[in-house]
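Following: one structure in structure tokens, then a few remarks.
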Amino acid sequence: MNTRIPDESKPIIAILTTSDKRLKFCGNRSNFRDIIRTGKELGYLVYVVTVRDLKLEERFINGFIPSPSGKQWYSIPVPLPQVIYNRVANREKEELKPVARKIAQCLEHPDIHLYNPYFFNKWNLFEWLHSSRFTSKHVPTTRRLRSPGTLTAMLKNHDSLYLKPESGKAGKGIMRLKYLADTALPYRLQIQTGRKNVTYKTASMERLWSRISKEKGSARYIVQQAIDLATHRGRPFDLRVLLQKNSRGNWGVTGIGARLAGARSITTHVPRGGTIEEPSSMLEGTFSTERAAAILKSVPTTALLMARQIERASEYRLGEMSMDLGVDHNGGLWFFEANSRPMKFDEPAIRKLSLERIFQYCQHLSQLPK
Ligand SMILES: Nc1ncnc2c1ncn2[C@@H]1O[C@H](COP(=O)(O)OP(=O)(O)O)[C@@H](O)[C@H]1O
Ligand SMILES: [Mg+2]
């Protein structure tokens, strides 16, 4: 273990998560270990803290740090942090009263900086990006899904639609609807469950709606124009962009990855058979080498415009986000969603830089007045 003594000019950083009876705390331990190791190498004191242990009125609190082998976690007394890196793992946790209250207290705290306070909602993201003339051309037409009338209206202009939960992730609950005119059962609803995909066929909007309602349950949904994505060996892919703020507090693109859809999957998620790929080789499946390079070059500019607009419209301080972008057959870029709690990128170069950027931005934040 590196035993460099933390530097006084460097902020103390806490990785915020929720507690767990059995595991002590929730979240991706190997990710937390990587963050703490990187922080240590850069001279920062970093620890994991649970919402419950983050007692803002105390001077010392309980923090968790990994043992030298990384196999165990020790609870030790640590000073209150100056910067909080929020890794509360999911929306259900984030919405619990004590968690919501603590996050609000941190946002109001005179000396503590917390960024990325909340998860995004897909409908808000759409509205935010739709409302700026610089970003509106990159968002698919989207409506809230409240009645069968919305589907009928959207199907007049688009032959295929995506139905997605506003608070979804990892492809959960996503459906795709097509209307195949001149067939006996023209409505085709593809429902993604686990790795499998079932197709429901009907001629009646009433029956279609009742099936959708059953799948949806009480979750709020959006319905979105399906983008005809560029393909690689017949499978669609999308680009995943990681954006983070740097030591000057400006947004930058940390890296761009690509995810190729699994066979017959309607999304590109790795747990659903999707694979991690090189963006340029994906684009070269549809475009010439020169055209592919030009498209890839356009990604950072567009993604940065969108990140700035999302931050401005959200009215919260953000320091990082990942973005899922689609590429159509003309090389046009389409926004599918952004995530305020990015999952780790497995590409080694992106991973390394992403860990360093966390500290560059935390350092910058700690020098800002609140
Ligand atoms: N409007 C759309 N047109 C084409 N493909 C889409 C559309 N919306 C989503 N997808 C595909 O489904 C994937 C998952 O959608 P996304 O909005 O990112 O939901 P999740 O939060 O579940 O990841 C995208 O990465 C993309 O491959
Ligand atoms: Mg996604």
Side-chain angles (χ1 to χ4, degrees), residues 91 118-181 186-193 197 199-229 236 238 266-269 302-303 305-307 309-310 312-315 321 323-330 332-340:
R91 282 167 229 271
Y118 305 115
F119 277 90
F120 296 138
N121 163 296
K122 287 192 172 64
W123 174 249
N124 290 340
L125 286 168
F126 167 77
E127 286 198 309
W128 296 340
L129 293 175
H130 187 66
S131 70
S132 155
R133 69 193 166 96
F134 299 111
T135 55
S136 60
K137 57 177 171 293
H138 298 288
V139 285
T141 303
T142 304
R143 310 255 310 255
R144 266 191 151 140
L145 181 57
R146 289 200 181 118
S147 72
T150 311
L151 292 177
T152 311
M154 293 268 292
L155 283 171
K156 286 210 174 88
N157 298 317
H158 309 284
D159 36 74
S160 180
L161 304 173
Y162 270 78
L163 281 54
K164 311 195 278 193
E166 284 180 24
S167 306
K169 67 164 187 193
K172 203 165 168 272
I174 295 187
M175 296 177 259
R176 189 169 66 184
L177 177 64
K178 280 188 184 166
Y179 187 83
L180 301 182
Y187 292 110
R188 303 287 160 97
L189 181 71
Q190 273 179 282
I191 306 163
Q192 184 165 266
T193 51
N197 221 315
T199 305
Y200 175 75
K201 301 175 190 171
T202 180
S204 134
M205 177 49 92
E206 206 182 309
R207 254 174 273 145
L208 174 70
W209 184 251
S210 83
R211 179 63 197 254
I212 290 173
S213 305
K214 191 178 128 214
E215 291 296 329
K216 217 156 72 53
S218 60
R220 284 170 176 250
Y221 265 67
I222 56 169
V223 48
Q224 189 165 72
Q225 153 197 14
I227 303 302
D228 194 10
L229 295 174
D238 40 46
I266 59 173
T267 69
T268 55
H269 300 96
T302 304
L305 281 173
M306 296 199 277
Q309 172 61 14
I310 289 170
R312 197 177 311 132
S314 79
E315 297 180 3
M321 68 178 78
M323 229 176 244
D324 295 340
L325 302 181
V327 182
D328 66 24
H329 287 271
N330 301 316
L333 297 179
W334 294 90
F335 174 91
F336 294 142
E337 69 155 347
N339 200 304
S340 66

Using distance alone, with no hydrogens and no angle criterion, decide if Gln224 and Thr142 have a side-chain donor and acceptor under 3.5 Å apart.
-> yes

Where Leu155 and Leu177 come nearest, the two heavy atoms and their spacing = CD1-CD2, 4.0 Å

Residue pair Met321 / Ser340, side-chain heavy-atom distance below 4.5 Å | no

How far apart are the C-alpha atoms of Val327 and Leu229, what are their side-chain angles, what is the distance that settles it, and do they pass the side-chain contact (heavy atoms from CB on, under 4.5 Å) test?
-> CA-CA 6 Å; Val327 182; Leu229 295 174; 5.7 Å; no

Taking all non-hydrogen atoms of both residues, which atom of Thr135 and which atom of Leu129 are closest, and how far apart?
-> OG1-O, 2.6 Å

Phe120 side, atom CZ; Arg91 side, atom CZ - distance, nearest 0.5 Å | 10.0 Å

Greater than 12 external heavy atoms within 6.0 Å of Asp159's CG = no

Minimum heavy-atom separation for Gln225 to Met154, with atom names?
-> N-CE, 3.7 Å

Within 6.0 Å of NZ in Lys216, more than 12 heavy atoms from elsewhere | yes

Would you confirm whether His138, through its side chain, and Phe335, through its main-chain N or O, come within 3.5 Å as a donor-acceptor pair?
-> no

Side-chain contact, heavy-atom cut-off 4.5 Å: Trp209 with Leu151?
-> yes

First locate atom OH of Tyr187, then atom OG1 of Thr152, and finally report the distance between them rounded to the nearest 0.5 Å.
-> 5.0 Å

Heavy-atom side-chain contact between Arg211 and Thr202 under 4.5 Å = no

Non-hydrogen side-chain atoms of Ile212 and Tyr200 separated by less than 4.5 Å | no

Look up atom NZ in Lys169 and atom NE2 in His269, then write down how far apart they are to the nearest 0.5 Å.
-> 10.5 Å

Between Pro165 and Gly173, which heavy-atom pair has the shortest distance, and what is it?
-> CD-O, 3.8 Å

Closest non-hydrogen atoms of Ile310 and Ala338, given as atom of the first, atom of the second and distance, are CD1-CB, 4.0 Å

Residue of the set Glu337, Glu166, Glu127 for which side chain to side chain donor-acceptor pair (under 3.5 Å) holds with Lys122 = Glu337

Does Trp128 offer a backbone N or O that forms a donor-acceptor pair with the side chain of Ser131 under 3.5 Å?
-> yes

Please say whether more than 12 non-hydrogen atoms of neighbouring residues, nucleotides or ligands are located less than 6.0 Å from NE2 in His130.
-> no

Report yes or no: does Gln192 contribute a side-chain atom to a donor-acceptor pair with the main-chain N or O of Gly171 at less than 3.5 Å?
-> yes

Whether over 12 other heavy atoms sit under 6.0 Å from Arg144 CZ | yes

Spatial distance of atom CZ (Phe119) from atom CG (Asn339) [nearest 0.5 Å] = 6.5 Å

Which heavy-atom pair separates Ala303 from Met323 by the least distance, and what is that distance?
-> O-CE, 3.5 Å

When rounded to the nearest 0.5 angstrom, what is the spacing between CG in Asp228 and CG in Asn330?
-> 9.5 Å

Can you check whether Met306 reaches Leu325 side chain to side chain, under 4.5 Å on heavy atoms?
-> yes

Between Asn157 and Thr141, is any pair of side-chain heavy atoms under 4.5 Å apart?
-> no

Could you tell me the separation between the CG atom of Asp324 and the OG1 atom of Thr267, rounded to the nearest 0.5 Å?
-> 10.0 Å

